[in-house]
Every structure is written in C-alpha cells, then in structure tokens.
Amino acid sequence: MRLSTVTLTSLIALLPAALLAQSIPPSPPTAAPAAPPASDRPTYGTFGFDAAGMDRSVKPGDDFYAYANGTWAKNTAIPSDESNYGAFNVLQDLSRERTRGILDAAKSGGNSKIGRAYAAFLDTAAIEKAGLAPIQPWLARIRKVDMAGYPALLAEADRNGVDIPFGFYVGQDDKNPDVYAVNLMQGGLGMPDLDYYLSTDAKLIQTKAAYQAHLAKLLTLAGEKDGEARAAAVVAFETGLARAHWTRIDSRDADKTYNKMTLAQLRQSAPGFDFAAFLNAEKASAPSLIVAQPTAIAGTAKLIAATPIGVLRDQLMLRSLDGFAAVLPQAIDAESFAFNGTVLSGTPQQQERWKRAVGFTSSALTDEVSKVYVARYFPPETKAAADTMVKNVLAALGQRIQKLDWMAPATKQKALAKLAAFEPRIGYPDRWRDYAALDVRSGDAFGNMLRANQWRHDFEVTKLGKPIYRWEWGMAPMTVNAQANFGLVAITFPAAILQPPFFDPKADPAVNYGGIGAVIGHEISHHFDDQGAKYDARGRLTQWWTDGDVQKFKALSERLARQYDAYEPLPGMHVKGELTLGENSADLAGLAAAHDAWLATLGGKPAPVIDGFSGDQRFYLGWAQVWRRNYREANLRQRLLTDPHAPSEQRSDIVRNMDPWYTAYKPQPGEKLYLAPDARVRIW
C-alpha cells in the first residue's frame with residue numbers, strides 16, 4: 001500500500017500521556033468471538049477470508065502468499081486498463097464508482113464547481129475542437145524565454161503544475177515543526193528513476209530508447225521541427241541530471257536530506273542558476289530554505305548553465321505537453337499514455353474517460369467531493385470501531401516497547417511519550433478547504449486543470465509565516481491508503497480503506513486485526529522505523545535515543561534489510577532492502593502489535609476454531625488476503641527500482657519472522673520460509 005509521510009491534521013488523541021508514560025494496561029477483555037450467524041455473514045467467506053482463493057497444495061512454510069492466495073492469483077486477470085490488480089484496486093474501484101455517482105448528479109443537477117469540472121473533462125469533443133489553442137500561449141512563452149528569464153519561467157511552470165529540474169514545496173521544518181519552510185530537492189527526470197537513464201540493463205536501455213522516440217513524437221504533434229534531434233538533446237540533458245542525482249536510498253535518509261542554508265549559501269554552493277530570481281517568482285521569500293540533496297542541486301545548476309537555451313526550452317515544452325496531455329487533443333493524450341502507461345507500466349489500454357474524470361475532479365476539488373462522499377458512505381459506527389482498534393494497537397505497541405531488552409529505560413519512557421502524543425485521524429478531516437478563489441468554467445478542461453494547479457500551488461506557498469495547518473490531511477477520504485506523518489506525529493486512515501477485506505464489522509476479529517489492525521500497527525510503527533524513529537514526541541528531527549540504542553537498532557534493521565535483499569521477484573532483479581527498510585520495519589512491528597492487540601480482546605480465553613482454522617491461522621490469513629495483487633512485468637520492474645514498498649508477496653512473507661506464525665502453521669526446517677529462531681528478525 002502507499003503508506004507515506006506527507007502532511008497534516010488531528011482528529012482525536014487516544015490514551016493520555018501520563019498513562020502511556022508509566023504503563024499501558026491491556027484492552028478490557030471481551031467475550032471470545034463466535035462464528036457469525038448465517039443471517040449476518042461477512043463480505044468474504046464465512047469469517048471474513050476468501051478461502052476459495054487459497055491453494056492448499058502449497059505448504060505455508062514454502063510460500064505463505066501462494067498458500068493463502070494462489071488460486072485467486074491464478075484465476076484473477078489484470079484489467080486491461082490497470083498495471084496491477086489486487087485488494088486495493090477492488091476498493092478503489094468501489095470508491096471511484098461511488099464518486100462517479102456523486103459527480104454525475106452534480107453534472108446534471110445544478111451549477112456546482114465539481115459538476116462543471118467533471119463535465120468539462122468528459123467533453124472530449126470540445127477538447128478536440130480547441131486543439132492546441134489553449135496551451136499555445138504558454139508554449140509561446142517557453143519558445144521565447146532566454147537564459148536570463150529562464151529561472152522566473154521555471155517558477156511559473158511550477159505554479160502551472162509542470163515538472164521542472166528542481167523540486168520545490170512548502171512543508172514543515174523537520175527541526176522546527178511549528179513553522180513552515182521552503183524546501184528544494186532534485187527533480188527534472190521524465191522517467192521514474194536515474195536507473196532508467198544510467199543502467200546497462202537491456203530492458204532499461206530499450207525503455208530509454210522508447211522514451212526518446214516518445215519525446216520526438218510529442219514535438220512533432222506540437223508542430224515542432226527536427227523532433228528526433230531535439231528529443232535526443234533533451235534525453236542527454238536529463239541523463240546529466242540523473243548522473244547528478246542521489247539514489248533513492250540516500251534520498252530517504254532524513255538526516256542527510258536536512259540541509260538548511262540561506263539563499264547566499266545556496267548560491268555559493270550551487271552557482272550557475274539564479275535561485276534568487278526563481279524563489280522571488282515563486283513568491284517564496286524566506287530567511288532560509290532546506291535543501292534535500294545539495295550536490296544534486298549543485299550539479300543541476302551547473303548543467304543548466306552549460307546547456308543551450310533551446311534544449312532547456314524543449315524540455316520544459318515536453319514536460320508541459322505530457323503534464324497536460326489529458327486535456328489536450330486525443331493524439332497527444334494517446335501518445336502520452338503509450339509511453340507512460342504502456343511502456344513504463346505495461347498497461348495495454350487507457351482508462352475510460354469517466355474514470356479519469358473522476359480522478360481529475362477528486363484531485364482538483366478534493367474537499368468539495370469528499371464532503372459528499374463521507375456523508376453518504378462513512379457511517380459513524382465504522383469510525384467508532386476504528387477508533388477502538390487504534391487504541392488497542394497503540395496499547396499493544398506500548399507494552400512491546402516496555403519489554404524491549406535492547407533499549408535503555410530512559411529512551412523507553414520517551415518512546416511511550418511519543419505514543420501518547422499520537423493524533424489518530426479516522427475517515428475524514430474535521431475541516432475543509434475553501435475553493436472560492438478557484439475559477440472552474442464549463443467547457444474549459446485545459447483552463448480548469450491549469451487554474452486548479454495554480455490554486456493548489458498558491459494555497460501551499462501562502463502557508464509561509466502562518467501556523468501549521470494541523471487540520472489538513474494529505475489524503476482524500478476516497479483514497480484506499482493510509483499514512484504516517486512524522487512532523488505532526490499523526491496517523492491517517494481514510495474512509496475508503498475501512499472496508500472489506502481490510503475491515504468488516506461482520507468478520508471474525510482475528511481477520512480484522514490481521515487486516516486493518518496490521519495497517520494501523522504499520523502506520524503507528526512507521527514513527528519508529530529507521531527514519532520515523534529520528535523524530536521525537538513533538539515531531540522534531542533530533543536524536544532522542546542513546547548512542548547505544550542507535551547502534552543496536554541499526555544492527556537489527558540491517559538484518560531485515562539483508563533478508564529482503566535476498567528476494568528476487570524478477571530474474572536478476574532483487575528487492576532493495578535499504579530502500580524498502582522503512583516499510584518492512586513497519587510491517588514487522590505493526591503486524592506483531594496487531595496480533596498482541598487481538599489477543600488482548602480475547603480476555604485470556606482461547607479463540608474459537610472456525611471452518612477448521614485456529615484463531616492465529618485466521619489472523620495471518622487476514623494479513624495475506626489484503627496483499628493479494630498481480631503485477632504486469634513492466635510495473636513490477638518499475639516498483640523494484642523506485643518503490644519503497646516491497647512487492648505484495650514479499651510483504652506477506654514478513655510472517656516468517658514471527659513466532660506465533662510458526663506455532664500456527666508449523667513450517668519445518670528446509671521449507672523456503674523457515675527461519676531458525678535465532679535468525680528471525682525481532683525489533684519492536
């Protein structure tokens with residue numbers, strides 16, 4: 001799942017600080033669950049798990065993912081408009097269908113902004129009739145810019161939603177989380193990662209050639225001449241950017257990427273680009289800024305200074321055409337998908353227009369759509385149940401912290417204080433953004449996208465100098481995902497994920513705790529992963545552990561990274577253990593805490609056997625079920641290069657480190673997943 005660390009909000013703080021700082025009692029015991037009556041069946045199977053999707057011919061100790069999901073995997077085709085398909089997609093499809101109903105009604109029932117935005121995006125006849133006219137004024141600006149005007153034009157491009165050679169955003173200052181700061185980071189690549197430019201792998205070399213052909217075709221479709229030569233020059237420029245870039249592993253290190261400097265210091269360390277003109281045009285004046293990858297920024301500035309203005313113009317023009325392809329003539333839209341969808345991800349067919357219209361409208365006017373969605377589809381009882389599970393998993397992780405044999409007592413108390421500071425956010429925010437200043441016009445799909453991008457940019461930049469928007473979420477309620485926010489010490493669970501197979505009020509609690517309980521545990525545990533653990537109870541980036549704690553923690557984490565390095569989902573391509581360490585650590589701790597929380601609800605009584613499965617077996621089946629996913633090869637390759645999450649099968653395999661899984665399924669030495677007790681990774 002896309003579990004990230006972006007921005008914002010608070011709904012409820014569970015468990016008072018004094019309680020957590022001393023001791024955390026188990027949850028109040030409740031009666032052991034019984035099999036649900038025939039009149040009250042869960043969505044999946046008889047107890048919340050789709051047993052028909054299992055492959056019982058596979059030994060759990062050889063391949064637990066295939067044992068739990070093998071028949072489903074064999075029988076489930078990836079839809080032609082998807083790059084992968086699984087449990088997340090099932091819920092995302094449901095969320096999108098529901099949102100479509102909201103937008104269809106808005107389109108036909110009045111003059112709402114969401115209705116106008118949706119209708120305009122759907123009106124492909126009007127888009128085709130307009131041709132390139134809507135984007136031509138912007139392209140004309142690009143064609144005329146000189147080196148002196150290039151920095152200011154990049155800022156304007158950024159405001160317009162066009163990718164530029166620098167990443168720019170306003171966010172919390174990691175070391176002073178009560179204020180917003182200007183952040184600068186590496187950017188500018190038209191392909192997903194530097195490996196696509198620099199690798200000698202044959203398939204990636206083919207992809208790079210296809211990318212260059214794609215850029216040449218875009219230039220031709222835009223009426224430009226000498227497309228092939230100009231595309232080659234842009235690819236050469238971006239290859240230079242890739243050589244300057246940090247790897248994703250280095251870029252996820254919170255200490256390495258916190259480099260606060262004044263504008264004068266930035267200009268001295270990265271000559272060749274007028275950062276003052278750029279930041280002034282961004283309207284982002286500040287006494288200092290945080291530079292994530294200083295050597296990459298310096299390399300980018302040097303490369304820009306050495307690159308002919310014609311190449312810089314072409315790169316910006318191409319990023320604009322690709323970025324606005326969805327609201328430009330069909331020939332450009334189709335060409336953009338042919339590369340970005342089919343070549344990069346293996347997706348044969350573009351999504352139906354209505355699906356893309358739902359996505360655009362939900363992104364452009366997120367809170368306007370969200371208000372209607374949660375009123376219709378998020379019952380209060382679901383929120384109450386999720387609140388209870390969060391409380392139980394927090395308590396369970398607190399107990400695990402108290403029992404650690406590698407952490408100093410003083411550090412344990414600080415860790416418990418951090419747990420007490422958590423702000424769980426369930427379902428939807430308690431405040432909505434105001435879109436009064438966003439102009440949405442009928443029949444103007446391009447203009448609506450442009451103005452929505454500008455509105456979003458201005459909304460972010462104007463945060464500078466203001467108190468932190470703690471009410472703001474980084475995810476829409478319609479999103480099937482969850483999130484940890486280090487700076488806010490928050491965990492977020494949008495409404496759309498609080499449904500089967502993750503959570504079903506009619507399902508066996510063991511399955512629910514293996515599903516949404518483990519997701520809750522995952523998000524909580526992110527605050528104690530190899531990066532989240534660097535942030536204290538206030539959300540400050542600081543070392544609040546002893547040096548000894550840090551050394552022991554690193555040693556344990558490195559064992560988990562090496563375990564994942566050994567996985568080879570594609571021939572010759574391994575999981576990157578260091579890149580995926582944060583997510584794997586969160587899975588390891590989160591699933592363990594969820595198991596403890598579930599056991600606490602039994603009140604010391606044994607879990608019933610249901611359909612021949614013990615409680616522990618059902619718990620781990622619930623975990624495996626949410627990771628059902630089939631991938632297209634190109635999509636899996638891209639994920640292995642860029643995604644901080646391991647593929648679903650390997651995420652399921654985290655169970656091999658957990659003693660209760662061995663008791664439940666009795667894997668034997670020699671089976672592929674079996675680990676001797678001293679080889680199992682235990683951190684939290």
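In this chain, numbering begins with 1 at the start of the sequence shown. Note that these values count all heavy atoms, side chains included, but never hydrogens, waters or copies made by symmetry. Quick caveat: nothing in here was measured; it's all calculated off a predicted structure.
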Does Asn259 reach the main-chain N or O of Val291 with its side chain, forming a donor-acceptor pair under 3.5 Å?
yes
Are the side chains of Leu640 and Val575 in touch, meaning some heavy atoms are under 4.5 Å apart?
yes
Please check if the distance between the ring centroids of Phe88 and Phe502 is under 6.0 Å.
yes
Tell me whether Arg637 is salt-bridged to Glu633, with the criterion being a basic N under 4.0 Å from an acidic carboxylate O.
yes
Output for pair (Leu153 CG, Asp158 CG), nearest 0.5 Å, gives 11.5 Å
Just do the side chain to side chain contact (heavy atoms under 4.5 Å, CB included) check on Gln186 and Ser251 with the steps written out, would you?
CA-CA 9 Å; Gln186 65 189 24; Ser251 293; 3.8 Å; yes
Side chain to side chain contact (heavy atoms under 4.5 Å, CB included) assessment of Phe237 paired with Ile304
CA-CA 9 Å; Phe237 171 70; Ile304 288 173; 4.3 Å; yes
Okay, side chain of Ser648, backbone of Trp627: is any donor-acceptor separation there less than 3.5 Å?
yes
First locate atom CE of Met478, then atom CD1 of Ile497, and finally report the distance between them rounded to the nearest 0.5 Å.
15.0 Å
Stepwise, does the side chain to side chain contact (heavy atoms under 4.5 Å, CB included) test hold for Tyr196 with Gln638?
CA-CA 9 Å; Tyr196 282 83; Gln638 181 178 339; 3.2 Å; yes
Minimal heavy-atom distance between Leu221 and Ala331, with the atoms involved, is CD1-O, 3.7 Å
Asp195, Thr642, Asp193 screened by side chain to side chain donor-acceptor pair (under 3.5 Å) with Arg248, the one that passes:
Asp193
Aromatic rings Tyr211 and His214: how do their planes relate, parallel, tilted or perpendicular, breaks at 30° and 60°?
tilted
Less than 4.0 angstrom from a charged side-chain N to a carboxylate O is my criterion; do Arg651 and Asp643 meet it?
no
With a 3.5 Å distance limit and no angle check, can you tell me whether Thr580 reaches the backbone of Pro644 through a side-chain donor-acceptor pair?
no
Phe121 six-ring face occupied by Arg353 cation (under 6.0 Å, within 45°)
yes
Give a yes or no on whether Lys371 atom NZ has more than 12 heavy-atom contacts from other residues, nucleotides or ligands under 6.0 Å away.
yes
Could you tell me if Thr462 and Asp458 have a donor-acceptor pair between their side chains, going purely by distance under 3.5 Å?
no
Starting at CD of Gln349, measure out to OG1 of Thr342 and round the result to the nearest 0.5 Å.
9.5 Å
Given side chains that start at C-beta, do those of Lys208 and Ser199 come closer than 4.5 Å, heavy atoms only?
no
Walk me through whether Leu316 and Leu312 qualify under side chain to side chain contact (heavy atoms under 4.5 Å, CB included).
CA-CA 6 Å; Leu316 197 53; Leu312 300 176; over 6 Å; no
Without swapping roles, check the side chain of Gln315 against the backbone of Gly188 for a donor-acceptor pair under 3.5 Å.
yes
Ignoring hydrogens, what is the shortest heavy-atom contact between Pro477 and Tyr428? Give both atom names and the distance.
CG-CB, 3.8 Å
Check whether any side-chain heavy atom of Phe324 sits under 4.5 Å from a side-chain heavy atom of Ile332, and report yes or no.
no
I would like to know whether Thr492 and Trp473 meet side chain to side chain donor-acceptor pair (under 3.5 Å); could you show each step before the answer?
CA-CA 8 Å; Thr492 303; Trp473 281 32; 5.5 Å; no
Taking only Lys NZ, Arg NE, NH1 and NH2, and the carboxylate oxygens of Asp or Glu, determine whether Arg433 and Asp367 approach each other closer than 4.0 Å.
yes
Salt bridge Glu224-Arg230, side-chain N to carboxylate O under 4.0 Å
yes
Heavy-atom distance under 4.5 Å between the side chains of Phe168 and Val182, does that happen here?
yes
Take Asp104 and Tyr118, measure what side chain to side chain donor-acceptor pair (under 3.5 Å) needs, and give me the verdict at the end.
CA-CA 8 Å; Asp104 280 341; Tyr118 180 62; 3.0 Å; yes
Are the side chains of Trp354 and Leu103 in touch, meaning some heavy atoms are under 4.5 Å apart?
no
Of all heavy-atom pairs linking Ala216 and Ala231, the shortest is N-CB, 3.5 Å
List the atom of Ala181, the atom of Leu464, and the distance in Å for their closest heavy-atom pair.
C-CD2, 4.1 Å
Dump the intermediate steps for side chain to side chain donor-acceptor pair (under 3.5 Å) on Asp81 and Gln350, then the final yes or no.
CA-CA 5 Å; Asp81 63 352; Gln350 196 169 31; over 6 Å; no
Nearest heavy atoms of Val461 and Val170, plus distance in Å
CA-CG2, 4.0 Å
Glu238 side chain vs Gly190 backbone, donor-acceptor pair below 3.5 Å
yes
Looking at Ile468, is its backbone amide N or carbonyl O close enough to the side chain of Gln172 to form a donor-acceptor pair, meaning the two atoms are under 3.5 Å apart?
no
Is Arg96 close to Gln351 at the side-chain level, that is, under 4.5 Å between some pair of heavy atoms?
yes
Can you tell me how far the CZ atom of Arg456 sits from the CG atom of Leu365, to the nearest 0.5 Å?
9.0 Å
Is the backbone of Val440 close enough, under 3.5 Å, to the side chain of Arg116 for a donor and an acceptor to pair up by distance?
yes
More than 12 non-hydrogen atoms from neighbouring residues, nucleotides or ligands closer than 6.0 Å to NZ on Lys217, yes or no?
no
To the nearest 0.5 Å, what is the distance between CD1 (Ile114) and OG1 (Thr366)?
11.5 Å
More than 12 heavy atoms of other residues, nucleotides or ligands under 6.0 Å from OH of Tyr169: is that the case?
no
Locate the shortest heavy-atom distance separating Glu82 from Asn89; write the atom from each residue and the value.
OE1-ND2, 3.7 Å
Mind checking whether Phe378 and Tyr373 have side chains closer than 4.5 Å, heavy atoms only?
no
Judged by atom type as modelled, is there a donor-acceptor pair below 3.5 Å linking the side chain of Glu128 to the main-chain atoms of Ala125?
no
Return yes if some donor-acceptor pair links the side-chain N/O of Asn630 with the main-chain N/O of Tyr85 below 3.5 Å, else return no.
no
Roughly how far apart are Glu523 CD and Asn485 CG, rounded to 0.5 Å?
10.5 Å
Does a side-chain heavy-atom distance below 4.5 Å link Phe275 with Leu263?
yes
Taking Asp146 for its side chain and Ala148 for its backbone only, find out whether a donor-acceptor pair lies under 3.5 Å.
yes
